[in-house]
Amino acid sequence: MRRQFVVIGLGRFGTSVAKTLSDLGHDVLAMDKNEHALHAIMNDVTQAVQADGREEETLRALGVRNFDVAVVAMGDDLEANILITLMLKEMGIPTVVAKAQSSQHGKVLEKVGANQIIYPEQDMGIRLAHNLIRSNVMDFIELSPDYSIFEIATPSSFINKKIGELDLRAVYGINVMAIKKKGEHIVVAPGAEDVIDEKDVLVIVGNKDALSKLPE
């Protein structure tokens with residue numbers, strides 16, 4: 001379903017979010033005070049507007065209250081970040097996602113009504129740490145303090161083996177959620193008879209200790 005997104009703040013994070021949403025086929029209004037930032041993205045989104053997101057009248061004039069999701073992507077100006085988040089929620093936007101610089105900043109955003117809080121620098125740091133420790137970890141999403149989703153290159157000892165034959169839950173305490181095959185084919189919820197090939201990428205869920213048990 002095609003949805004409408006407004007992204008306020010076009011630094012590296014905001015620009016990446018706006019372009020990706022647009023590439024996925026959604027309507028995107030990108031907003032920033034910086035003219036150069038807008039020029040860099042104007043051909044990649046539905047509409048790019050040079051405006052100050054702190055001005056409520058401007059937000060209303062642009063019809064922002066009718067959007068499905070708002071992303072407050074600036075992080076350096078904490079006051080503006082918090083104020084814009086508050087105004088967007090007061091306008092009645094169903095989902096407001098805000099970028100936070102710290103846990104304290106995130107707590108304030110929670111108080112003013114942000115539906116989801118993103119910590120880009122922290123998340124990138126966690127991904128890097130896991131990748132440095134284990135070279136086959138390609139991506140990482142923390143579900144809770146105990147459980148995470150990992151995207152890993154296939155360990156050599158798994159190649160040409162069936163899921164059932166490896167008995168991954170019993171041996172390693174993990175479940176394979178999906179197998180990304182060469183190209184763009186994805187096997188979702190693979191069964192016991194599905195075979196793991198050399199170039200496969202495994203999407204697994206398990207506790208953090210489970211990852212250390214896996215062979216590389």
Side-chain angles (χ1 to χ4, degrees), residues 1-129 139-145 148-149 151 184:
M1 182 178 70
R2 195 178 182 93
R3 303 175 72 191
Q4 290 188 311
F5 295 83
V6 56
V7 179
I8 303 175
L10 298 175
R12 284 178 296 179
F13 174 69
T15 297
S16 176
V17 171
K19 284 184 176 180
T20 302
L21 288 169
S22 185
D23 289 344
L24 290 171
H26 298 285
D27 294 320
V28 179
L29 166 62
M31 185 188 308
D32 198 290
K33 293 187 295 182
N34 188 304
E35 185 178 357
H36 296 295
L38 290 167
H39 279 305
I41 200 175
M42 62 189 308
N43 294 323
D44 298 307
V45 296
T46 312
Q47 185 179 6
V49 177
Q50 185 176 5
D52 188 342
R54 294 172 297 182
E55 297 175 356
E56 186 174 355
E57 290 184 7
T58 299
L59 295 176
R60 293 190 179 278
L62 290 168
V64 167
R65 64 183 178 277
N66 297 316
F67 280 65
D68 301 303
V69 180
V71 180
V72 183
M74 79 278 287
D76 295 336
D77 189 338
L78 302 189
E79 182 180 345
N81 174 289
I82 294 165
L83 175 62
I84 293 169
T85 300
L86 175 61
M87 288 194 298
L88 293 171
K89 287 307 300 180
E90 289 182 340
M91 286 181 190
I93 294 180
T95 302
V96 176
V97 180
K99 175 184 175 182
Q101 291 285 63
S102 65
S103 58
Q104 291 85 356
H105 182 195
K107 288 177 182 177
V108 175
L109 290 169
E110 283 182 6
K111 293 292 186 183
V112 299
N115 300 91
Q116 184 176 349
I117 298 162
I118 305 296
Y119 301 88
E121 287 80 7
Q122 177 181 311
D123 292 345
M124 184 56 69
I126 292 171
R127 284 181 171 84
L128 175 60
D139 205 353
F140 163 86
I141 301 172
E142 188 173 55
L143 298 176
S144 74
S148 301
I149 294 174
E151 194 171 284
E184 302 221 345

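No experiment lies behind these values; they were computed from the predicted model shown. The figures here come from the full heavy-atom set of this structure, side chains too, leaving out hydrogens, waters and symmetry mates.
- To the nearest 0.5 Å, atoms NE2 (His39) and CG (Asn43) are separated by 10.5 Å.
- Considering only heavy atoms from C-beta on, Glu55 stays 4.5 Å or farther from Met87 through its side chain.
- Counting heavy atoms from C-beta outward, Leu29 and Val49 have side chains that approach closer than 4.5 Å.
- Scanning both residues, Ile117 and Ala100, for their nearest heavy atoms gives CG2-CB, 3.6 Å.
- Side chains of Thr58 and Asp52 form no contact here, defined as non-hydrogen atoms less than 4.5 Å apart.
- Side-chain contact between His105 and Ile82 is present, with heavy atoms from C-beta onward closer than 4.5 Å.
- Counting heavy atoms from C-beta outward, Ile118 and Phe13 have side chains that approach closer than 4.5 Å.
- With hydrogens and angles disregarded, a donor-acceptor distance shorter than 3.5 Å links the side chain of Asp32 to the backbone of Leu10.
- Residue pairs meeting the side chain to side chain donor-acceptor pair (under 3.5 Å) criterion with at least one partner in residues 8-27, sequence neighbours excluded, are Arg2-Asp27.
- With a 4.5 Å cut-off on side-chain heavy atoms, Gln116 and Thr95 do not count as touching.
- Closest approach of Ser102 and Tyr119 over heavy atoms only: O-CE2, 3.3 Å.
- The shortest heavy-atom contact between Asp77 and Arg54 is OD2-NH1, 4.0 Å.
- When every heavy atom of Ala114 is checked against every heavy atom of Ala98, the shortest pair comes out as CB-CB, 4.4 Å.
- Judged by distance alone, the side chain of Asp68 and the main-chain N or O of Gln4 form a donor-acceptor pair under 3.5 Å.
- At a threshold of 4.5 Å between non-hydrogen side-chain atoms, the residues Val7 and Met31 do not count as touching.
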Checklist line | Audit row: Gln50, Lys33, side-chain contact (heavy atoms from CB on, under 4.5 Å) steps and yes/no | finding: CA-CA 5 Å; Gln50 185 176 5; Lys33 293 187 295 182; 5.6 Å; no
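- With a 4.5 Å cut-off on side-chain heavy atoms, Ile93 and Val64 count as touching.
- Summarising the geometry of Ile41 relative to Ala48, their closest heavy-atom pair is CG2-CB, 4.4 Å, with the distance given to 0.1 Å.
- Rounded to the nearest 0.5 Å, atoms CG (Leu88) and CD (Glu56) are 9.5 Å apart.
- Atoms NZ and OG1, on Lys111 and Thr85 in that order, are 15.5 Å from each other to the nearest 0.5 Å.
- Formation of a donor-acceptor pair under 3.5 Å by the Asn81 side chain with backbone atoms of Met74 is found in this model.
- Closest approach of Ile8 and Gly53 over heavy atoms only: CG2-CA, 4.3 Å.
- Legend: salt bridge (charged side-chain N to carboxylate O under 4.0 Å, His left out) pairs involving residues 83-107, not counting sequence neighbours, sorted by first then second residue: Lys99-Glu121.
- How far CG of Leu62 is from CZ of Phe67: 8.0 Å, rounded to the nearest 0.5 Å.
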Next item on the list: Check step by step if side-chain contact (heavy atoms from CB on, under 4.5 Å) holds for Val17 and Phe5.
Entry: CA-CA 10 Å; Val17 171; Phe5 295 83; over 6 Å; no
